[in-house]
Amino acid sequence: MEIIIVDNYQKMSEIGALMIKEQIKKKADSILGLATGGTPIGMYKELIRMHIQDFLDFSNVITFNLDEYVGISRQHPQSYYNFMFENLFNHINIDPKKVYIPNGSEANLQLECKNYEQRITEAGGMDIQILGIGTNGHIGFNEPGSNFHDKTRVVQLSESTLKANSRFFGDISLVPTLAISMGINTILSNSKKIILLAHGSEKAEAVYGMIKGDVCSNNPASLLQLHPNVTVILDVQAARKLDNNKVLKK
Ligand code: F6R
(Lines give C-alpha, C1' and ligand atoms only; values in the text may rest on other atoms or scores of the structure.)
Protein backbone atom coordinates (compact mmCIF):
# COMPACT_ATOMS: atom_id res chain seq x y z
CA MET A 1 0.00 0.00 0.00
CA GLU A 2 1.12 3.52 -0.71
CA ILE A 3 0.31 5.76 2.28
CA ILE A 4 0.08 9.51 1.86
CA ILE A 5 -0.39 11.67 4.95
CA VAL A 6 -1.51 15.26 4.58
CA ASP A 7 -2.26 18.10 6.98
CA ASN A 8 -5.99 18.30 6.61
CA TYR A 9 -9.25 17.28 4.93
CA GLN A 10 -8.87 19.85 2.15
CA LYS A 11 -5.45 18.50 1.10
CA MET A 12 -6.77 14.92 1.25
CA SER A 13 -9.64 15.94 -1.02
CA GLU A 14 -7.36 17.79 -3.47
CA ILE A 15 -4.95 14.87 -3.87
CA GLY A 16 -7.80 12.40 -4.40
CA ALA A 17 -9.33 14.69 -7.03
CA LEU A 18 -5.98 15.17 -8.77
CA MET A 19 -5.54 11.41 -9.12
CA ILE A 20 -8.98 11.14 -10.69
CA LYS A 21 -8.22 14.06 -12.99
CA GLU A 22 -5.00 12.41 -14.18
CA GLN A 23 -6.89 9.19 -14.84
CA ILE A 24 -9.56 10.99 -16.91
CA LYS A 25 -6.89 12.93 -18.84
CA LYS A 26 -5.18 9.62 -19.64
CA LYS A 27 -8.41 7.85 -20.61
CA ALA A 28 -11.50 9.94 -21.35
CA ASP A 29 -13.83 6.97 -20.92
CA SER A 30 -12.44 5.97 -17.53
CA ILE A 31 -14.57 3.85 -15.24
CA LEU A 32 -14.74 5.21 -11.72
CA GLY A 33 -16.01 3.40 -8.64
CA LEU A 34 -17.49 5.98 -6.30
CA ALA A 35 -18.33 6.20 -2.60
CA THR A 36 -20.76 8.30 -0.59
CA GLY A 37 -20.70 9.55 3.01
CA GLY A 38 -18.97 12.56 4.51
CA THR A 39 -15.44 11.66 3.40
CA PRO A 40 -15.56 12.17 -0.40
CA ILE A 41 -17.68 15.36 -0.38
CA GLY A 42 -14.58 17.61 -0.44
CA MET A 43 -13.07 15.59 -3.28
CA TYR A 44 -16.29 15.87 -5.27
CA LYS A 45 -16.27 19.68 -4.69
CA GLU A 46 -12.74 19.75 -6.04
CA LEU A 47 -13.76 17.71 -9.12
CA ILE A 48 -16.63 20.15 -9.73
CA ARG A 49 -14.13 23.02 -9.49
CA MET A 50 -11.85 21.23 -11.98
CA HIS A 51 -14.79 20.76 -14.34
CA ILE A 52 -15.74 24.44 -14.19
CA GLN A 53 -12.31 26.06 -14.09
CA ASP A 54 -10.09 23.53 -15.88
CA PHE A 55 -12.77 22.13 -18.25
CA LEU A 56 -12.29 18.61 -16.93
CA ASP A 57 -14.55 16.59 -19.22
CA PHE A 58 -16.72 13.85 -17.70
CA SER A 59 -18.87 13.25 -20.79
CA ASN A 60 -17.36 9.83 -21.51
CA VAL A 61 -16.78 8.77 -17.91
CA ILE A 62 -18.68 5.78 -16.52
CA THR A 63 -19.35 5.42 -12.79
CA PHE A 64 -20.36 2.59 -10.49
CA ASN A 65 -21.34 3.37 -6.92
CA LEU A 66 -20.38 1.07 -4.09
CA ASP A 67 -23.68 0.80 -2.32
CA GLU A 68 -27.25 1.94 -1.71
CA TYR A 69 -29.77 1.61 1.11
CA VAL A 70 -32.63 -0.84 0.76
CA GLY A 71 -36.14 0.32 1.53
CA ILE A 72 -35.93 4.01 0.65
CA SER A 73 -36.68 5.36 -2.80
CA ARG A 74 -34.08 7.00 -5.04
CA GLN A 75 -35.89 10.30 -4.43
CA HIS A 76 -35.37 10.07 -0.65
CA PRO A 77 -33.03 12.90 0.43
CA GLN A 78 -30.67 10.38 2.09
CA SER A 79 -30.56 7.85 -0.74
CA TYR A 80 -27.09 7.44 -2.19
CA TYR A 81 -28.61 8.05 -5.60
CA ASN A 82 -29.74 11.48 -4.44
CA PHE A 83 -26.42 12.07 -2.67
CA MET A 84 -24.44 11.49 -5.86
CA PHE A 85 -26.56 13.83 -7.96
CA GLU A 86 -26.58 16.56 -5.28
CA ASN A 87 -22.88 16.36 -4.52
CA LEU A 88 -21.42 15.63 -7.94
CA PHE A 89 -23.42 14.58 -10.97
CA ASN A 90 -25.70 17.64 -11.16
CA HIS A 91 -22.62 19.87 -11.35
CA ILE A 92 -20.52 18.14 -14.01
CA ASN A 93 -21.16 17.07 -17.60
CA ILE A 94 -21.56 13.37 -16.91
CA ASP A 95 -24.06 11.43 -19.03
CA PRO A 96 -26.72 10.12 -16.57
CA LYS A 97 -26.93 6.98 -18.75
CA LYS A 98 -23.35 6.20 -17.77
CA VAL A 99 -24.09 6.41 -14.03
CA TYR A 100 -24.70 3.11 -12.22
CA ILE A 101 -25.97 2.95 -8.64
CA PRO A 102 -27.58 -0.16 -7.16
CA ASN A 103 -31.33 0.27 -6.84
CA GLY A 104 -32.42 -0.63 -3.33
CA SER A 105 -36.10 -0.27 -4.13
CA GLU A 106 -36.18 -2.98 -6.83
CA ALA A 107 -38.75 -5.71 -6.05
CA ASN A 108 -36.24 -8.47 -6.78
CA LEU A 109 -33.12 -7.46 -4.87
CA GLN A 110 -31.20 -10.67 -5.59
CA LEU A 111 -31.62 -10.08 -9.30
CA GLU A 112 -30.60 -6.44 -8.92
CA CYS A 113 -27.38 -7.54 -7.16
CA LYS A 114 -26.62 -10.14 -9.81
CA ASN A 115 -27.23 -7.68 -12.64
CA TYR A 116 -25.12 -5.01 -10.95
CA GLU A 117 -22.20 -7.39 -10.53
CA GLN A 118 -22.53 -8.46 -14.15
CA ARG A 119 -22.61 -4.86 -15.41
CA ILE A 120 -19.34 -4.16 -13.59
CA THR A 121 -17.66 -7.20 -15.10
CA GLU A 122 -18.98 -6.51 -18.58
CA ALA A 123 -17.73 -2.92 -18.40
CA GLY A 124 -14.26 -4.26 -17.62
CA GLY A 125 -14.07 -3.16 -13.96
CA MET A 126 -13.05 0.12 -12.39
CA ASP A 127 -9.93 2.05 -13.44
CA ILE A 128 -10.06 3.72 -10.02
CA GLN A 129 -12.21 2.68 -7.08
CA ILE A 130 -12.70 5.33 -4.38
CA LEU A 131 -13.32 4.08 -0.85
CA GLY A 132 -13.97 5.54 2.58
CA ILE A 133 -13.67 3.46 5.74
CA GLY A 134 -16.11 2.93 8.60
CA THR A 135 -15.00 3.23 12.23
CA ASN A 136 -15.45 -0.56 12.37
CA GLY A 137 -13.27 -1.07 9.29
CA HIS A 138 -16.06 -1.56 6.79
CA ILE A 139 -15.48 -0.71 3.13
CA GLY A 140 -18.59 -0.21 1.05
CA PHE A 141 -21.10 -1.77 3.40
CA ASN A 142 -18.95 -4.84 3.92
CA GLU A 143 -19.27 -5.05 7.67
CA PRO A 144 -16.97 -7.07 9.97
CA GLY A 145 -17.46 -10.75 9.14
CA SER A 146 -17.64 -10.11 5.38
CA ASN A 147 -15.32 -12.31 3.43
CA PHE A 148 -12.96 -12.32 0.53
CA HIS A 149 -15.40 -14.13 -1.76
CA ASP A 150 -18.36 -11.77 -1.34
CA LYS A 151 -19.91 -10.31 -4.48
CA THR A 152 -22.60 -7.61 -4.72
CA ARG A 153 -25.34 -8.61 -2.30
CA VAL A 154 -27.88 -7.46 0.27
CA VAL A 155 -26.22 -6.80 3.61
CA GLN A 156 -27.37 -6.07 7.14
CA LEU A 157 -25.87 -2.86 8.54
CA SER A 158 -24.09 -3.20 11.88
CA GLU A 159 -25.13 -1.32 15.01
CA SER A 160 -22.06 0.95 14.77
CA THR A 161 -22.83 1.84 11.14
CA LEU A 162 -26.47 2.60 11.98
CA LYS A 163 -25.24 4.85 14.78
CA ALA A 164 -22.63 6.57 12.59
CA ASN A 165 -25.14 7.16 9.76
CA SER A 166 -27.91 8.40 12.06
CA ARG A 167 -26.22 11.81 11.78
CA PHE A 168 -27.60 12.05 8.25
CA PHE A 169 -31.12 10.82 9.13
CA GLY A 170 -31.53 12.69 12.42
CA ASP A 171 -32.61 9.57 14.32
CA ILE A 172 -31.18 6.05 14.38
CA SER A 173 -34.65 4.51 13.98
CA LEU A 174 -34.88 6.15 10.53
CA VAL A 175 -31.67 4.60 9.15
CA PRO A 176 -32.43 1.64 6.84
CA THR A 177 -31.01 -1.56 8.31
CA LEU A 178 -30.33 -3.21 4.93
CA ALA A 179 -28.29 -2.13 1.94
CA ILE A 180 -26.96 -3.42 -1.36
CA SER A 181 -23.18 -3.37 -1.43
CA MET A 182 -20.45 -4.40 -3.83
CA GLY A 183 -18.66 -7.25 -2.07
CA ILE A 184 -15.00 -7.39 -1.08
CA ASN A 185 -14.45 -9.72 -4.01
CA THR A 186 -16.22 -7.28 -6.37
CA ILE A 187 -13.90 -4.51 -5.22
CA LEU A 188 -10.64 -6.46 -5.13
CA SER A 189 -11.03 -8.35 -8.36
CA ASN A 190 -12.50 -5.57 -10.51
CA SER A 191 -10.46 -2.49 -9.48
CA LYS A 192 -7.22 -1.68 -11.27
CA LYS A 193 -6.43 0.94 -8.63
CA ILE A 194 -8.00 1.65 -5.24
CA ILE A 195 -7.82 5.01 -3.47
CA LEU A 196 -9.03 5.01 0.14
CA LEU A 197 -9.60 8.34 1.88
CA ALA A 198 -9.88 8.81 5.64
CA HIS A 199 -9.87 11.83 7.91
CA GLY A 200 -10.45 12.47 11.59
CA SER A 201 -9.26 10.70 14.71
CA GLU A 202 -12.33 8.47 14.97
CA LYS A 203 -10.96 6.59 11.91
CA ALA A 204 -7.44 6.14 13.39
CA GLU A 205 -8.05 2.70 14.90
CA ALA A 206 -9.63 1.26 11.76
CA VAL A 207 -6.90 2.81 9.60
CA TYR A 208 -4.21 1.29 11.80
CA GLY A 209 -5.85 -2.15 11.55
CA MET A 210 -6.20 -1.82 7.78
CA ILE A 211 -2.50 -1.09 7.29
CA LYS A 212 -0.75 -2.84 10.16
CA GLY A 213 -3.25 -5.44 11.31
CA ASP A 214 -3.60 -9.05 10.25
CA VAL A 215 -5.61 -9.63 7.11
CA CYS A 216 -8.90 -10.77 8.58
CA SER A 217 -12.60 -10.32 8.04
CA ASN A 218 -13.07 -8.69 11.46
CA ASN A 219 -11.51 -5.63 9.87
CA PRO A 220 -12.71 -5.85 6.25
CA ALA A 221 -10.42 -3.00 5.15
CA SER A 222 -7.38 -5.14 6.05
CA LEU A 223 -8.29 -7.30 3.01
CA LEU A 224 -7.06 -4.39 0.89
CA GLN A 225 -3.55 -5.57 1.77
CA LEU A 226 -4.21 -8.32 -0.78
CA HIS A 227 -4.61 -5.83 -3.64
CA PRO A 228 -1.48 -4.80 -5.57
CA ASN A 229 -2.38 -1.15 -6.21
CA VAL A 230 -3.86 0.68 -3.22
CA THR A 231 -3.19 4.29 -2.24
CA VAL A 232 -4.40 5.47 1.16
CA ILE A 233 -4.72 9.23 1.67
CA LEU A 234 -5.00 10.25 5.32
CA ASP A 235 -5.11 13.44 7.27
CA VAL A 236 -2.83 13.56 10.32
CA GLN A 237 -5.63 12.67 12.72
CA ALA A 238 -6.60 9.51 10.88
CA ALA A 239 -2.90 8.60 10.67
CA ARG A 240 -2.12 9.26 14.31
CA LYS A 241 -1.58 5.60 15.24
CA LEU A 242 0.87 4.95 12.40
CA ASP A 243 4.62 5.40 12.53
CA ASN A 244 4.71 8.65 10.58
CA ASN A 245 8.40 8.43 9.76
CA LYS A 246 7.89 5.45 7.52
CA VAL A 247 5.30 6.91 5.20
CA LEU A 248 5.18 9.45 2.46
CA LYS A 249 4.10 12.93 3.55
CA LYS A 250 2.90 15.66 1.22
C1 F6R B 1 -20.25 4.83 1.40
C2 F6R B 1 -19.53 3.70 1.90
C3 F6R B 1 -19.04 3.62 3.31
C4 F6R B 1 -18.38 4.91 3.79
C5 F6R B 1 -17.97 4.78 5.26
C6 F6R B 1 -17.39 6.07 5.80
O7 F6R B 1 -20.59 4.63 0.03
O8 F6R B 1 -19.37 2.78 1.19
O9 F6R B 1 -18.11 2.56 3.42
O10 F6R B 1 -17.26 5.19 3.00
O11 F6R B 1 -19.08 4.44 6.04
O12 F6R B 1 -18.40 7.03 5.86
P13 F6R B 1 -18.07 8.56 6.16
O14 F6R B 1 -17.30 9.04 4.98
O15 F6R B 1 -19.41 9.21 6.27
O16 F6R B 1 -17.28 8.59 7.41
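None of these values were measured; they are calculated from a predicted model. Atoms within a ligand are numbered from 1 in the order they appear, just like the ligands themselves. Reckoned from all heavy atoms, side chains included, excluding hydrogens, waters and symmetry mates.
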Check whether the side chains of D57 and N93 place a donor and an acceptor atom closer than 3.5 Å, and report yes or no. yes
Please write down residue, atom name and distance for the protein heavy atom closest to [atom].
atom	value
atom 10 (O) of ligand 1	G132 CA, 3.3 Å
atom 14 (O) of ligand 1	T39 OG1, 2.4 Å
atom 11 (O) of ligand 1	H138 NE2, 2.6 Å
atom 1 (C) of ligand 1	T36 OG1, 3.1 Å
atom 6 (C) of ligand 1	I133 O, 3.4 Å

Are the charged groups of K27 and D127 less than 4.0 angstrom apart, N to O? yes
Salt bridge check: are K114 and E117 linked by an N-O gap of less than 4.0 Å?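 No, K114 and E117 are not salt-bridged.
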Would you mind listing which atoms of ligand 1 come within a distance below 4.0 Å of any non-hydrogen atom of [X]?
X	result
G38	13 (P), 14 (O), 15 (O)
L66	8 (O)
G140	2 (C), 3 (C), 8 (O), 9 (O)
K203	6 (C), 13 (P), 16 (O)

Side chain, backbone, both or neither: which part of [X] comes within less than 4.0 Å of ligand 1 when only heavy atoms are counted?
X	value
T161	neither
D67	side chain
M182	neither

Determine, using ring centers only, whether F169 and Y69 are less than 6.0 Å apart.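 Centroid separation for Y69 and F169: below 6.0 Å.
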So does E159 have more than 12 non-hydrogen atoms from other groups sitting under 6.0 Å from CD?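 Not buried by this count: 12 neighbours or fewer within 6.0 Å.
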CG (N115) and CG (N103) are apart, to the nearest 0.5 Å, by 11.5 Å
Does H199 come within less than 4.0 Å of ligand 1, judged by its heavy atoms? no
Taking all non-hydrogen atoms of both residues into account, name the closest pair between V236 and D7 and its distance.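 Distance-wise, the nearest heavy atoms are CG2-O, 3.5 Å.
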Looking only at non-hydrogen atoms, find the nearest pair between N82 and H76 and report the distance. CB-O, 3.4 Å
Would a hydrophobic clustering, with Ile, Leu, Val, Met, Phe, Trp and Tyr connected at side-chain separations under 4.5 Å, put I101 with L178? no
